[in-house]
Amino acid sequence: GEDVEQSLFLSVREGDSSVINCTYTDSSSTYLYWYKQEPGAGLQLLTYIFSNMDMKQDQRLTVLLNKKDKHLSLRIADTQTGDSAIYFCAENSNSGYALNFGKGTSLLVTP
Amino acid sequence: NAGVTQTPKFQVLKTGQSMTLQCAQDMNHEYMSWYRQDPGMGLRLIHYSVGAGITDQGEVPNGYNVSRSTTEDFPLRLLSAAPSQTSVYFCASSPGGVGQTYEQYFGPGTRLTVT
């Protein structure tokens with residue numbers, strides 16, 4: 001399928017903001033998603049954004065969408081050690097029945 | 001609701017053996033999918049189903065079969081296990097339909113090792 005690209009690693013200090021970036025390729029995607037995976041666990045939906053929105057805020061999470069550049073970002077304010085996990089960007093596929101995932105960004109939060 | 005459940009959590013197979021990974025959901029979702037997760041590869045779609053009796057292939061279907069006889073269950077069968085099928089397998093479900101957000105709800109995963 002089409003590639004969703006993410007950087008593989010990010011390290012931040014506790015209390016700082018984290019910004020995880022993603023580029024996607026399918027301009028027809030209706031929704032874009034951020035999932036979180038903690039070690040040994042399944043994927044948990046963090047948030048999603050509708051393709052006609054530029055920004056969505058949900059507590060410490062801010063999602064920015066630039067449709068022209070097909071760029072999606074997730075900002076986590078006041079990052080905590082419990083935020084250490086792998087974060088996946090995803091777009092709904094053409095069929096809508098499944099998602100196309102990036103390879104995931106491993107976020108390490110150090111004290 | 002239990003959500004999406006998967007069994008077993010862990011499995012070790014020898015090359016050539018067959019087995020079935022079980023997946024069930026109790027949310028009355030129409031769409032169900034199987035993904036595999038390999039290090040550095042993200043999640044890749046194996047097979048999916050848009051309703052009972054309807055299945056289709058995803059990105060990496062070779063070596064796997066599925067069926068969907070009920071809305072709740074979507075088992076994944078490995079026909080003749082190979083070391084390349086060592087992976088973590090995730091089942092997911094989604095409400096589907098007009099006006100839905102297509103978000104997927106994931107099970108906890110099955111960790112499969114083929115020796």
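None of these values were measured; they are calculated from a predicted model. Reminder, nothing fancy here: chain letters follow the sequence lines and each chain counts from 1.
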Test log, rule side chain to side chain contact (heavy atoms under 4.5 Å, CB included), inputs A/L43 and B/Y35: CA-CA 11 Å; A/L43 276 74; B/Y35 297 85; over 6 Å; no
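Of the listed residues A/I86, A/L8, A/L45, the one with more heavy-atom pairs under 4.5 angstrom with chain B than any other is A/L45. Each of B/G109, B/G58, B/G107, B/P108 has some count of heavy-atom pairs under 4.5 Å with chain A, and the biggest count is that of B/P108.
Cluster membership check: B/L79 does not share its hydrophobic cluster with B/V66, using side-chain heavy-atom separations under 4.5 Å among Ile, Leu, Val, Met, Phe, Trp and Tyr. With hydrophobic clusters built from ILVMFWY side chains whose heavy atoms lie under 4.5 angstrom apart, B/L21 does not share a cluster with B/F106. If you chain together hydrophobic residues whose side chains sit under 4.5 Å apart, B/V114 and B/I46 fall into the same group. Under a hydrophobic clustering in which Ile, Leu, Val, Met, Phe, Trp and Tyr are joined whenever their side-chain heavy atoms come within less than 4.5 Å, directly or via other members, A/L46 and A/Y33 fall into the same cluster. The cluster map of Ile, Leu, Val, Met, Phe, Trp and Tyr, joined by side-chain heavy atoms under 4.5 Å apart, puts A/L99 and B/M41 in different clusters.
For B/E30, no part lies near chain A; criterion is any non-hydrogen pair under 4.5 Å. Both the backbone and the side chain of B/L43 come within less than 4.5 Å of a heavy atom of chain A. The contact between A/Q37 and chain B is made entirely by side chain atoms (from C-beta outward), counting heavy-atom distances below 4.5 Å. Only the side chain of B/R111 comes within less than 4.5 Å of a heavy atom of chain A; its backbone N, CA, C and O stay farther away.
Here the side chains of B/E103 and A/Y31 are not in contact, with every heavy-atom distance at 4.5 Å or above. Using a 4.5 Å heavy-atom cutoff, the side chains of B/Q104 and A/Y35 are in contact. At least one side-chain heavy atom of A/F88 sits under 4.5 Å from a side-chain heavy atom of B/Q37.
The backbone N or O of A/Q44 lies less than 3.5 Å from no partner atom in the side chain of B/Y105, so there is not a single donor-acceptor pair.
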